[in-house]
Amino acid sequence: MSETTGASYASAGVDIEAGDRAVELMKEWVKKTQRPEVAGLGGLGGFAGLFDASALKRFERPLLASATDGVGTKVDIARQMGVYDTIGHDLVAMVMDDIVVCGAEPLFMTDYICVGKVHPERVAAIVKGIAEGCVLAGCSLVGGETAEHPGLLGPDDFDVAGAGTGAVEADRLLGPDRIRKGDAVIAMAASGLHSNGYSLVRHVVFDRAGWALDRHVEEFGRTLGEELLEPTKIYSLDCLALTRTTDVHAFSHITGGGLAANLARVIPDGLHAIVDRETWTPDAVFDVVGKVGQVERLELEKTLNMGVGMIAIVPEESADAALTTLADRGVEAWVAGEITDRGEHATGAALIGDYAK
(Lines give C-alpha, C1' and ligand atoms only; values in the text may rest on other atoms or scores of the structure.)
Protein backbone atom coordinates (compact mmCIF):
# COMPACT_ATOMS: atom_id res chain seq x y z
CA MET A 1 0.00 0.00 0.00
CA SER A 2 1.44 3.37 -0.99
CA GLU A 3 1.45 6.17 1.54
CA THR A 4 -0.04 9.53 0.59
CA THR A 5 0.73 12.90 2.07
CA GLY A 6 -2.22 14.88 3.37
CA ALA A 7 -3.02 18.26 1.94
CA SER A 8 -1.80 21.38 3.70
CA TYR A 9 -1.96 25.12 3.30
CA ALA A 10 1.68 25.07 2.18
CA SER A 11 1.01 22.41 -0.45
CA ALA A 12 -1.82 24.62 -1.73
CA GLY A 13 0.71 27.38 -2.25
CA VAL A 14 0.29 29.56 0.85
CA ASP A 15 3.41 30.15 2.94
CA ILE A 16 2.39 31.36 6.41
CA GLU A 17 5.98 31.58 7.61
CA ALA A 18 6.90 33.86 4.71
CA GLY A 19 3.96 36.07 5.62
CA ASP A 20 5.15 36.31 9.21
CA ARG A 21 8.63 37.19 7.99
CA ALA A 22 7.20 39.97 5.81
CA VAL A 23 5.39 41.45 8.83
CA GLU A 24 8.60 41.51 10.84
CA LEU A 25 10.47 43.24 8.02
CA MET A 26 7.85 45.95 7.57
CA LYS A 27 7.46 46.88 11.26
CA GLU A 28 10.30 49.40 11.30
CA TRP A 29 8.80 51.30 8.38
CA VAL A 30 5.28 51.36 9.79
CA LYS A 31 6.62 52.74 13.07
CA LYS A 32 8.04 55.76 11.24
CA THR A 33 4.51 56.84 10.28
CA GLN A 34 3.09 57.02 13.82
CA ARG A 35 1.24 60.19 14.70
CA PRO A 36 0.70 60.88 18.44
CA GLU A 37 -2.84 59.52 18.13
CA VAL A 38 -1.62 56.01 17.37
CA ALA A 39 1.58 55.80 19.40
CA GLY A 40 1.38 53.07 22.03
CA LEU A 41 -1.95 51.73 20.78
CA GLY A 42 -1.61 48.08 19.88
CA GLY A 43 0.88 47.73 17.09
CA LEU A 44 1.33 46.00 13.77
CA GLY A 45 -0.06 42.47 13.77
CA GLY A 46 -3.29 43.14 15.62
CA PHE A 47 -6.71 42.51 14.18
CA ALA A 48 -7.49 46.23 13.84
CA GLY A 49 -5.53 49.44 13.66
CA LEU A 50 -6.30 51.92 16.43
CA PHE A 51 -6.52 55.70 16.40
CA ASP A 52 -7.20 57.86 19.46
CA ALA A 53 -10.37 59.68 18.44
CA SER A 54 -10.10 62.05 21.41
CA ALA A 55 -7.84 64.03 19.09
CA LEU A 56 -11.01 65.12 17.32
CA LYS A 57 -12.04 67.12 20.41
CA ARG A 58 -10.06 70.02 18.99
CA PHE A 59 -12.74 70.27 16.30
CA GLU A 60 -16.03 72.06 16.92
CA ARG A 61 -17.87 69.81 14.48
CA PRO A 62 -15.51 67.26 12.91
CA LEU A 63 -16.43 65.69 9.61
CA LEU A 64 -14.66 62.46 8.71
CA ALA A 65 -13.51 62.06 5.11
CA SER A 66 -12.64 58.68 3.64
CA ALA A 67 -11.29 57.43 0.33
CA THR A 68 -10.01 54.22 -1.20
CA ASP A 69 -7.98 53.60 -4.34
CA GLY A 70 -5.21 51.62 -6.00
CA VAL A 71 -2.49 52.43 -8.50
CA GLY A 72 -3.82 50.55 -11.53
CA THR A 73 -1.56 48.85 -14.01
CA LYS A 74 1.47 50.85 -12.92
CA VAL A 75 2.14 47.87 -10.63
CA ASP A 76 3.15 45.92 -13.75
CA ILE A 77 5.94 48.42 -14.41
CA ALA A 78 7.20 47.94 -10.86
CA ARG A 79 7.06 44.17 -11.27
CA GLN A 80 8.97 44.22 -14.54
CA MET A 81 11.55 46.65 -13.17
CA GLY A 82 11.94 44.72 -9.93
CA VAL A 83 11.55 48.00 -8.05
CA TYR A 84 8.99 47.81 -5.26
CA ASP A 85 9.75 50.68 -2.87
CA THR A 86 8.18 53.52 -4.88
CA ILE A 87 4.76 52.15 -5.78
CA GLY A 88 3.61 52.90 -2.22
CA HIS A 89 4.09 56.62 -2.82
CA ASP A 90 1.61 56.30 -5.66
CA LEU A 91 -0.91 54.54 -3.44
CA VAL A 92 -0.77 57.15 -0.68
CA ALA A 93 -1.07 59.96 -3.21
CA MET A 94 -4.12 58.42 -4.86
CA VAL A 95 -5.89 58.04 -1.49
CA MET A 96 -4.77 60.97 0.64
CA ASP A 97 -4.78 63.61 -2.08
CA ASP A 98 -8.43 62.72 -2.69
CA ILE A 99 -9.11 63.26 1.01
CA VAL A 100 -7.37 66.63 1.20
CA VAL A 101 -9.50 67.97 -1.66
CA CYS A 102 -12.32 68.76 0.78
CA GLY A 103 -9.86 70.42 3.16
CA ALA A 104 -9.51 67.37 5.39
CA GLU A 105 -6.33 66.61 7.31
CA PRO A 106 -5.12 63.06 6.57
CA LEU A 107 -5.19 60.98 9.78
CA PHE A 108 -4.56 57.31 9.06
CA MET A 109 -4.42 54.72 6.33
CA THR A 110 -4.61 50.96 5.84
CA ASP A 111 -3.29 48.96 2.91
CA TYR A 112 -4.10 45.71 1.12
CA ILE A 113 -1.36 43.87 -0.74
CA CYS A 114 -2.36 40.86 -2.83
CA VAL A 115 0.40 38.60 -4.15
CA GLY A 116 0.70 35.33 -6.00
CA LYS A 117 3.51 34.29 -3.69
CA VAL A 118 4.84 36.03 -0.59
CA HIS A 119 8.40 37.19 -1.07
CA PRO A 120 9.02 38.80 2.35
CA GLU A 121 11.60 41.33 1.20
CA ARG A 122 9.42 42.36 -1.73
CA VAL A 123 6.35 42.87 0.45
CA ALA A 124 8.43 44.80 2.97
CA ALA A 125 9.73 47.05 0.17
CA ILE A 126 6.16 47.82 -0.92
CA VAL A 127 5.20 48.69 2.66
CA LYS A 128 8.35 50.81 2.98
CA GLY A 129 7.11 52.90 0.08
CA ILE A 130 3.64 53.20 1.58
CA ALA A 131 5.12 54.25 4.92
CA GLU A 132 7.34 56.87 3.29
CA GLY A 133 4.28 58.17 1.44
CA CYS A 134 2.31 58.37 4.68
CA VAL A 135 5.07 60.49 6.22
CA LEU A 136 4.87 62.85 3.23
CA ALA A 137 1.07 63.02 3.62
CA GLY A 138 1.21 63.48 7.41
CA CYS A 139 -0.81 60.38 8.23
CA SER A 140 -0.22 57.12 10.11
CA LEU A 141 -0.18 53.67 8.55
CA VAL A 142 -2.17 51.78 11.20
CA GLY A 143 -2.42 48.36 9.58
CA GLY A 144 -3.16 46.34 6.51
CA GLU A 145 -3.39 42.93 4.97
CA THR A 146 -1.07 40.82 2.87
CA ALA A 147 -3.00 38.13 1.00
CA GLU A 148 -1.40 35.26 -0.90
CA HIS A 149 -3.48 34.05 -3.87
CA PRO A 150 -1.68 31.14 -5.55
CA GLY A 151 -3.43 29.91 -8.67
CA LEU A 152 -5.11 33.27 -9.22
CA LEU A 153 -1.92 35.32 -9.52
CA GLY A 154 1.47 34.28 -10.82
CA PRO A 155 4.35 33.96 -8.33
CA ASP A 156 5.63 37.45 -9.18
CA ASP A 157 2.26 39.16 -9.65
CA PHE A 158 0.85 41.59 -7.11
CA ASP A 159 -1.62 44.41 -6.62
CA VAL A 160 -2.02 47.09 -3.97
CA ALA A 161 -4.95 49.09 -2.65
CA GLY A 162 -5.50 51.36 0.30
CA ALA A 163 -8.10 53.21 2.30
CA GLY A 164 -7.64 56.39 4.28
CA THR A 165 -9.45 58.64 6.73
CA GLY A 166 -9.14 62.34 7.40
CA ALA A 167 -11.03 65.03 9.31
CA VAL A 168 -12.14 68.57 8.55
CA GLU A 169 -13.98 71.22 10.51
CA ALA A 170 -17.52 71.45 9.15
CA ASP A 171 -17.38 75.19 8.56
CA ARG A 172 -14.06 74.81 6.72
CA LEU A 173 -15.30 72.19 4.28
CA LEU A 174 -14.11 73.06 0.77
CA GLY A 175 -16.07 72.54 -2.41
CA PRO A 176 -18.35 73.98 -5.10
CA ASP A 177 -20.41 76.09 -2.68
CA ARG A 178 -17.44 78.34 -2.02
CA ILE A 179 -16.45 79.02 -5.63
CA ARG A 180 -17.23 82.45 -7.06
CA LYS A 181 -16.97 84.14 -10.44
CA GLY A 182 -13.52 85.66 -10.86
CA ASP A 183 -11.70 83.08 -8.74
CA ALA A 184 -8.24 82.11 -9.92
CA VAL A 185 -7.46 78.56 -11.01
CA ILE A 186 -3.99 77.65 -9.74
CA ALA A 187 -2.27 74.60 -11.20
CA MET A 188 0.34 72.57 -9.32
CA ALA A 189 2.85 70.68 -11.44
CA ALA A 190 2.69 66.90 -11.64
CA SER A 191 5.80 64.77 -11.18
CA GLY A 192 5.00 62.87 -14.37
CA LEU A 193 2.25 60.47 -15.37
CA HIS A 194 1.34 59.83 -11.73
CA SER A 195 -0.79 56.65 -11.53
CA ASN A 196 -3.44 57.04 -14.19
CA GLY A 197 -3.73 56.08 -17.82
CA TYR A 198 -1.09 53.35 -17.69
CA SER A 199 -3.22 50.98 -19.75
CA LEU A 200 -2.99 53.48 -22.60
CA VAL A 201 0.68 54.23 -21.97
CA ARG A 202 1.63 50.54 -21.80
CA HIS A 203 -0.31 49.85 -25.00
CA VAL A 204 1.57 52.65 -26.76
CA VAL A 205 5.13 51.95 -25.63
CA PHE A 206 4.99 48.15 -25.46
CA ASP A 207 2.40 46.97 -27.98
CA ARG A 208 2.71 49.69 -30.61
CA ALA A 209 6.31 50.87 -30.28
CA GLY A 210 7.81 47.62 -29.01
CA TRP A 211 10.06 49.48 -26.57
CA ALA A 212 11.81 47.80 -23.65
CA LEU A 213 11.91 49.30 -20.17
CA ASP A 214 15.70 49.62 -20.31
CA ARG A 215 15.53 51.69 -23.51
CA HIS A 216 17.15 55.10 -23.03
CA VAL A 217 14.77 57.79 -24.23
CA GLU A 218 16.53 61.02 -25.13
CA GLU A 219 13.50 63.18 -24.37
CA PHE A 220 13.40 61.80 -20.81
CA GLY A 221 17.13 61.83 -20.17
CA ARG A 222 16.75 58.39 -18.61
CA THR A 223 15.31 54.97 -19.38
CA LEU A 224 11.69 54.35 -20.23
CA GLY A 225 11.26 52.30 -17.06
CA GLU A 226 12.66 55.03 -14.84
CA GLU A 227 10.27 57.56 -16.37
CA LEU A 228 7.22 55.32 -16.05
CA LEU A 229 8.03 54.46 -12.44
CA GLU A 230 8.45 58.08 -11.30
CA PRO A 231 6.45 58.31 -8.02
CA THR A 232 3.27 60.35 -7.86
CA LYS A 233 3.64 63.75 -6.21
CA ILE A 234 1.90 63.88 -2.81
CA TYR A 235 0.26 67.27 -2.29
CA SER A 236 -1.56 66.73 1.02
CA LEU A 237 0.61 68.84 3.32
CA ASP A 238 1.09 71.50 0.63
CA CYS A 239 -2.66 71.84 0.25
CA LEU A 240 -3.17 72.05 4.01
CA ALA A 241 -0.49 74.74 4.22
CA LEU A 242 -2.36 76.64 1.53
CA THR A 243 -5.58 76.54 3.56
CA ARG A 244 -3.75 78.09 6.51
CA THR A 245 -2.34 81.02 4.52
CA THR A 246 -4.95 81.57 1.82
CA ASP A 247 -8.72 81.62 1.47
CA VAL A 248 -8.94 78.43 -0.59
CA HIS A 249 -12.36 77.73 -2.10
CA ALA A 250 -11.74 74.29 -3.58
CA PHE A 251 -9.15 71.75 -4.68
CA SER A 252 -9.31 69.23 -7.51
CA HIS A 253 -7.06 66.16 -7.65
CA ILE A 254 -6.23 65.49 -11.30
CA THR A 255 -6.40 61.73 -11.76
CA GLY A 256 -8.26 59.43 -14.17
CA GLY A 257 -10.31 61.50 -16.57
CA GLY A 258 -7.76 64.26 -16.93
CA LEU A 259 -7.78 67.94 -16.07
CA ALA A 260 -11.13 69.03 -17.51
CA ALA A 261 -13.19 66.16 -16.12
CA ASN A 262 -11.74 66.34 -12.60
CA LEU A 263 -11.93 70.12 -12.41
CA ALA A 264 -15.56 69.98 -13.54
CA ARG A 265 -16.37 67.87 -10.45
CA VAL A 266 -15.92 70.91 -8.18
CA ILE A 267 -17.48 73.61 -10.39
CA PRO A 268 -21.00 74.64 -9.31
CA ASP A 269 -23.96 75.04 -11.63
CA GLY A 270 -23.92 78.35 -13.45
CA LEU A 271 -20.14 78.75 -13.44
CA HIS A 272 -17.39 77.60 -15.74
CA ALA A 273 -13.63 77.06 -15.35
CA ILE A 274 -11.46 78.24 -18.22
CA VAL A 275 -7.91 76.83 -18.24
CA ASP A 276 -5.40 78.22 -20.72
CA ARG A 277 -3.07 75.57 -22.13
CA GLU A 278 -0.52 78.24 -23.01
CA THR A 279 0.30 78.79 -19.33
CA TRP A 280 2.43 75.64 -19.13
CA THR A 281 4.33 73.07 -21.14
CA PRO A 282 3.61 69.42 -20.27
CA ASP A 283 6.57 67.16 -19.54
CA ALA A 284 8.12 65.28 -22.43
CA VAL A 285 6.46 61.99 -21.52
CA PHE A 286 3.06 63.29 -22.61
CA ASP A 287 4.39 64.43 -25.98
CA VAL A 288 6.20 61.13 -26.50
CA VAL A 289 3.12 59.04 -25.72
CA GLY A 290 1.07 61.18 -28.08
CA LYS A 291 3.53 61.02 -30.98
CA VAL A 292 4.59 57.39 -30.65
CA GLY A 293 1.02 56.17 -30.29
CA GLN A 294 -0.51 58.74 -32.65
CA VAL A 295 -2.89 59.55 -29.80
CA GLU A 296 -5.15 62.52 -30.47
CA ARG A 297 -4.79 65.41 -28.05
CA LEU A 298 -8.36 65.07 -26.80
CA GLU A 299 -7.70 61.43 -25.96
CA LEU A 300 -4.50 62.37 -24.10
CA GLU A 301 -6.29 65.09 -22.16
CA LYS A 302 -9.15 62.89 -21.02
CA THR A 303 -6.77 60.10 -19.97
CA LEU A 304 -3.60 61.71 -18.57
CA ASN A 305 -2.95 64.64 -16.23
CA MET A 306 -0.91 66.50 -18.89
CA GLY A 307 1.44 67.92 -16.29
CA VAL A 308 -1.05 69.17 -13.69
CA GLY A 309 -1.51 67.04 -10.57
CA MET A 310 -3.60 69.30 -8.33
CA ILE A 311 -5.71 72.43 -8.78
CA ALA A 312 -6.48 75.07 -6.15
CA ILE A 313 -9.27 77.58 -6.69
CA VAL A 314 -8.79 80.80 -4.72
CA PRO A 315 -10.09 84.38 -4.83
CA GLU A 316 -8.29 86.40 -7.49
CA GLU A 317 -6.79 88.71 -4.86
CA SER A 318 -5.31 85.70 -3.03
CA ALA A 319 -3.55 84.19 -6.03
CA ASP A 320 -0.16 85.81 -5.35
CA ALA A 321 -0.19 84.73 -1.71
CA ALA A 322 -1.09 81.19 -2.75
CA LEU A 323 1.75 81.04 -5.27
CA THR A 324 4.17 82.34 -2.64
CA THR A 325 3.11 79.67 -0.14
CA LEU A 326 3.54 76.92 -2.72
CA ALA A 327 6.88 78.27 -3.92
CA ASP A 328 8.16 78.37 -0.34
CA ARG A 329 7.28 74.68 -0.11
CA GLY A 330 9.05 73.83 -3.35
CA VAL A 331 5.87 73.28 -5.35
CA GLU A 332 5.88 74.54 -8.93
CA ALA A 333 2.58 76.35 -9.46
CA TRP A 334 1.04 79.01 -11.69
CA VAL A 335 -2.26 80.74 -12.46
CA ALA A 336 -3.72 78.60 -15.23
CA GLY A 337 -7.17 80.10 -15.61
CA GLU A 338 -10.23 81.60 -13.99
CA ILE A 339 -13.82 80.96 -13.03
CA THR A 340 -16.38 82.62 -15.30
CA ASP A 341 -20.11 82.64 -15.90
CA ARG A 342 -21.32 79.64 -17.84
CA GLY A 343 -22.25 81.69 -20.87
CA GLU A 344 -22.34 79.55 -23.96
CA HIS A 345 -20.39 76.72 -22.36
CA ALA A 346 -21.78 73.73 -20.53
CA THR A 347 -21.23 73.86 -16.77
CA GLY A 348 -17.82 72.45 -15.94
CA ALA A 349 -14.30 73.05 -17.22
CA ALA A 350 -12.77 73.80 -20.58
CA LEU A 351 -9.25 74.03 -21.96
CA ILE A 352 -8.36 76.75 -24.44
CA GLY A 353 -5.34 77.47 -26.59
CA ASP A 354 -2.36 75.34 -27.56
CA TYR A 355 0.37 74.13 -25.22
CA ALA A 356 3.39 76.38 -25.28
CA LYS A 357 6.27 74.96 -27.26
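In this text, all values refer to a predicted model and were calculated from it rather than measured experimentally. Along the sequence shown, the residues carry numbers beginning at 1.
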Close side-chain approach of [X] to [Y], heavy-atom, < 4.5 Å:
| X | Y | value |
| --- | --- | --- |
| Met310 | Val100 | yes |
| Pro315 | Arg180 | no |
| Tyr198 | Val75 | no |
| Asn196 | Thr303 | no |
| Arg122 | Asp156 | yes |
| Leu56 | Leu64 | yes |
| Trp334 | Val308 | yes |
| Thr232 | Met94 | yes |

Could you tell me whether the side chain of [X] and the main chain of [Y] form a donor-acceptor pair under 3.5 Å?
| X | Y | result |
| --- | --- | --- |
| Glu299 | Glu296 | no |
| Asp276 | Glu278 | yes |
| Thr110 | Gly144 | no |
| Glu169 | Glu60 | yes |
| Trp280 | Ala189 | no |
| Asn305 | Leu193 | yes |

Nearest-0.5 Å distance, [atom1] of residue [X] to [atom2] of residue [Y]:
| X | Y | atom1 | atom2 | result |
| --- | --- | --- | --- | --- |
| Asp341 | Leu271 | CG | CG | 6.5 Å |
| Met188 | Ser252 | CE | OG | 10.0 Å |
| Ile254 | His194 | CD1 | NE2 | 10.5 Å |
| Glu132 | Leu141 | CD | CG | 12.0 Å |
| Ile311 | Asn262 | CD1 | CG | 10.0 Å |
| Glu230 | Asp90 | CD | CG | 9.0 Å |

Compare every heavy atom of [Y] with every heavy atom of [X], then report the nearest pair and how far apart it is.
| X | Y | result |
| --- | --- | --- |
| Leu242 | Phe251 | CD2-CE2, 3.9 Å |
| Ile99 | Thr165 | CD1-N, 3.6 Å |
| Pro231 | Lys74 | CA-NZ, 4.3 Å |
| Lys117 | Glu148 | CA-OE2, 3.3 Å |
| Phe59 | Pro62 | CB-CB, 3.6 Å |
| Ala333 | Ile186 | CB-CG2, 4.2 Å |

Above 12 or not: heavy atoms from other molecules or residues under 6.0 Å from [atom1] of [X]?
| X | atom1 | result |
| --- | --- | --- |
| Glu316 | CD | no |
| Glu332 | CD | no |
| Asp328 | CG | yes |
| Arg61 | CZ | no |
| Arg208 | CZ | no |

With the threshold set at 4.0 Å, does a side-chain nitrogen-carboxylate oxygen contact exist between Lys233 and Asp97?
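Result for this pair is no, no salt bridge flagged.
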Asp76/Arg79 ion pair, N-O < 4.0 Å
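A salt bridge links Asp76 with Arg79.
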When hydrophobic residues are tied together by side-chain contacts of less than 4.5 Å, even through go-betweens, does [X] share a cluster with [Y]?
| X | Y | answer |
| --- | --- | --- |
| Leu136 | Val127 | yes |
| Val314 | Ile274 | no |
| Val204 | Met81 | yes |
| Leu237 | Ile234 | no |
| Met109 | Tyr112 | no |

For Val217 and Glu227, run side chain to side chain contact (heavy atoms under 4.5 Å, CB included): C-alpha distance rounded to whole Å, both residues' side-chain angles, the deciding distance at 0.1 Å, then the answer.
CA-CA 9 Å; Val217 181; Glu227 179 69 31; over 6 Å; no
Using the side chain to side chain contact (heavy atoms under 4.5 Å, CB included) criterion, which residues pair with Lys291? Sequence neighbours excluded.
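So Lys291 forms a side chain to side chain contact (heavy atoms under 4.5 Å, CB included) with Asp287.
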Please report the C-alpha distance between Asp238 and Arg329 in whole Å, then the side-chain angles of each, then the deciding distance to 0.1 Å, and finally whether the side chain to side chain contact (heavy atoms under 4.5 Å, CB included) criterion is met.
CA-CA 7 Å; Asp238 303 315; Arg329 297 183 60 83; 2.7 Å; yes
How would you list, by chain and number, every residue that makes a ring-ring contact (aromatic ring centres under 6.0 Å, His included) with Tyr84, sequence neighbours excluded?
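Per chain and number, Tyr84 pairs via ring-ring contact (aromatic ring centres under 6.0 Å, His included) with Phe158.
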Criterion side chain to side chain contact (heavy atoms under 4.5 Å, CB included) on Val83 and Asp85, from CA distance to verdict:
CA-CA 6 Å; Val83 177; Asp85 62 352; 3.7 Å; yes
Please list every donor-acceptor pair under 3.5 Å in which a side-chain atom of residues 172-179 meets a protein atom from a residue at least two apart or in another chain.
from   : atom 1 : to     : atom 2 : distance (Å)
Arg172 : NH2    : Thr243 : O      : 3.3
Arg178 : NE     : Leu173 : O      : 2.7
Arg178 : NH2    : Asp171 : O      : 2.7

Give the C-alpha distance, both sets of side-chain angles, the deciding distance and a yes or no for side chain to side chain contact (heavy atoms under 4.5 Å, CB included) between Leu326 and Tyr235.
CA-CA 10 Å; Leu326 292 171; Tyr235 301 93; over 6 Å; no
